[in-house]
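Structure first, then comments.
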Number of protein chains: 2
Amino acid sequence: MTRRHQQIAEVLRRAITDGHLPLGSALPSETELAATHGVSRGTVRQALAALLAEGLIGSRQGARHIVLSTAPSQSFTALRSFAQWARAGGHSPGGRVLEAVRGAADGGEAALLQLAPGAEVLRVWRLRTLDGAPVLLERTVYAGWIAEAVEALPADCESVTQALLDSHGVVFAHGEHHLDAVAAGTADARELRVRRGSPLLRVRRTTTTAEGRPVETSDDRYRPGAVVFTVRNSTQANPLARTPAD
Amino acid sequence: MTRRHQQIAEVLRRAITDGHLPLGSALPSETELAATHGVSRGTVRQALAALLAEGLIGSRQGARHIVLSTAPSQSFTALRSFAQWARAGGHSPGGRVLEAVRGAADGGEAALLQLAPGAEVLRVWRLRTLDGAPVLLERTVYAGWIAEAVEALPADCESVTQALLDSHGVVFAHGEHHLDAVAAGTADARELRVRRGSPLLRVRRTTTTAEGRPVETSDDRYRPGAVVFTVRNSTQANPLARTPAD
DNA sequence: TAGTGGTCTAGACCACTAC
DNA sequence: TAGTGGTCTAGACCACTAA
């Protein structure tokens, strides 16, 4: 069952991406939208808040909402899951496990996964391909409580996210991502088919369930020119932060 | 004048960063918060929505809000302005203009700045330093209507953002950022004091006013190890997107 | 000055969680 | 089953924009 505010948001989203509401144009007033959709103004504002957070529209007190961007934004699922993201874009995802070993969490890993130092973890290296070409090398550390479920997956499992949801009901709900650039090491170069020292986009991330329980932390390295990360931000919604490196 | 919902959000934010509400703990119920602050539940929900968007807390229907992260997030101003970001972190920002020339917008620039192809633009190269060390090379293209104001700034102007606000009332309200990694070119290497071919974090961004009018577009390259970008996202708020490169 | 978005209230009902 | 968050309503007043 979809909620009224989600329906209204979807109608407006479609009007923007379809070009009925071109870049820079003004939306109908909140009162008008409430009348045409037969809801109260509060519900309309809930729908507009979603588009505001996506960076599609901007607002100023006293003036109507305006269209800031016409590019659709992606769902969290598409972002979190390489396979689902690839398929959503019409590409063919692939991948295989290079290595999977159990070990003891070091200090940093334990802190990120909220475990005791030395607790058992599962380390997995995965190579991801897009339309057959290697684009991403993942070095993932899973918390011990999920290790068995991960080990049970086939080596060429396309979507780990989807598999863990289906088999164990584990939902990836929140993520924190740190982006910077590094030079390709020996293993990076071999697997991604680039020269040693080539620039790679590194994304270090930690994912937790809806309850806030950390599931995995990962060091992902993208081949240059393969993938671009996009963030929209504003005075009204500010997801992106910049921090000095250690 | 600060709003009631902003005050409540600030109280909760402080309780989280101070450790009174530790990682994983539950917040008071919305009804309790409404009673203790003497406001309606709607106002409390407005405050919680802000923390939700910042990734500090998570929520599930039927369960209380929980603390997901204790790291403070930054304001848009700190993100947008290199100087203000540096000072907020206790660092000393610096910088100088390497070059500033007027020219005609090429096709890509015109599209990003919503100008007619061939319209006049101002191109500025700026080197930014943090505590004396070069960390960032900016190649910025300003729309013609703001060019004169930018040219009037001193070459060692610390905060262009602040200067344009003070002198012309131009507010940088929205931004779109694309992040990837590139190899340092000859000019990059010379100014940032790295070897040619070294990995650099590249951020291509376009900034607009609150009215949605593009002000500038820029290609920023960060020295490796100097700065890290952080994004928090979730099923409830998803600012980050990943797109295949062209 | 008329219209618009921002804020806030005081209710109501439902879906879901935790016990 | 009691409590909680998610949704929605129908008002009200204020700050701001645009003509």
Side-chain angles (χ1 to χ4, degrees), chain A residues 1-12 21 24-53 56-68 169-171 173-174 209-213 234-237, chain B residues 1-12 21 24-53 56-68 169-171 173-174 209-213 234-237:
Chain A
M1 197 235 296
T2 55
R3 304 310 191 191
R4 301 292 286 115
H5 70 90
Q6 289 175 334
Q7 294 173 13
I8 297 167
E10 190 51 35
V11 167
L12 293 173
L21 288 171
S25 66
L27 271 62
S29 75
E30 297 181 353
T31 314
E32 283 170 25
L33 287 170
T36 59
H37 288 91
V39 297
S40 75
R41 198 181 143 215
T43 304
V44 167
R45 284 185 62 78
Q46 220 175 334
L48 292 174
L51 305 195
L52 227 30
L56 284 178
I57 62 174
S59 72
R60 297 142 62 211
Q61 194 173 67
R64 291 194 173 186
H65 291 86
I66 52 167
V67 178
L68 287 175
V170 175
V171 180
H174 306 281
T209 65
E211 298 84 16
R213 192 178 192 191
S234 72
T235 48
Q236 287 146 20
Chain B
M1 199 235 294
T2 56
R3 303 310 190 191
R4 301 292 285 116
H5 70 91
Q6 289 175 334
Q7 295 172 14
I8 296 166
E10 190 51 35
V11 167
L12 293 172
L21 288 171
S25 65
L27 271 63
S29 75
E30 297 180 352
T31 314
E32 283 170 26
L33 287 170
T36 60
H37 289 91
V39 298
S40 74
R41 197 179 143 217
T43 305
V44 167
R45 284 184 63 78
Q46 220 174 333
L48 292 173
L51 304 195
L52 227 31
L56 285 178
I57 63 174
S59 72
R60 297 143 61 213
Q61 194 173 67
R64 291 194 173 186
H65 290 85
I66 52 169
V67 178
L68 287 174
V170 174
V171 180
H174 306 280
T209 64
E211 298 85 15
R213 192 178 191 191
S234 73
T235 47
Q236 287 148 20

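Just so it is clear, the values below take in all heavy atoms, side chains as well, and ignore hydrogens, waters and symmetry mates. Letters A, B, ... mirror the listed sequences (proteins, then strands); counts begin at 1. In this text, all values refer to a predicted model and were calculated from it rather than measured experimentally.
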| said: I need the B:S59 OG to B:L52 CG distance, nearest 0.5 Å. | reply: 4.5 Å
| request: Report which part of the nucleic acid B:R4 touches: base, sugar-phosphate, or nothing (heavy-atom distance under 4.0 Å, all strands). | output: sugar-phosphate
| query | What nucleotide, of D:dC8, C:dG5, D:dT9, holds the atom closest to the side chain of A:R3? | reply | D:dC8
| field | Test applied, side-chain contact (heavy atoms from CB on, under 4.5 Å); reference residue, B:L33; option that passes from B:V39, B:L12, B:V11, B:I8 | value | B:L12
| task | Just jot down the side chain to side chain contact (heavy atoms under 4.5 Å, CB included) partners of B:S25, sequence neighbours excluded, or say none. | result | B:L21, B:P22, B:V67
| Between A:R45 (CZ) and D:dG6 (P), how many Å, whole number? | 18 Å
| Does any donor-acceptor pair link the side chain of A:R60 with the base of C:dG6 at a separation under 3.5 Å? | no
| remark: Per atom distances to the B:Q46 side chain, the nearest of C:dT7, D:dT7, C:dT9 is C:dT7
| Given D:dG5, D:dT9, D:dC8, which nucleotide is nearest the side-chain atoms of A:H5? | D:dC8
| field | Interatomic spacing from CG in B:L51 to CG in B:L27 - rounded to 0.5 Å | value | 7.5 Å
| query | Where does DNA chain D form stems of at least three consecutive Watson-Crick or G-U wobble pairs, each pair having both distances below 3.5 Å? | reply | C:1-18 with D:1-18
| task | Could you tell me the separation between the CZ atom of A:R41 and the C1' atom of C:dT7, rounded to a whole number of Å? | result | 9 Å
| query | Which value, rounded to the nearest 0.5 Å, describes the distance between B:L68 atom CG and A:E211 atom CD? | reply | 10.5 Å
Between protein and nucleic acid, restricted to nucleotides 1-3 of chain D and to nitrogen or oxygen atoms under 3.5 Å apart, what atom pairs and distances do you find?
residue	atom	partner	partner atom	Å
D:dG3	N2	B:G62	O	3.4

| note | Output for pair (B:H5 NE2, B:H37 NE2), nearest 0.5 Å, gives 13.5 Å
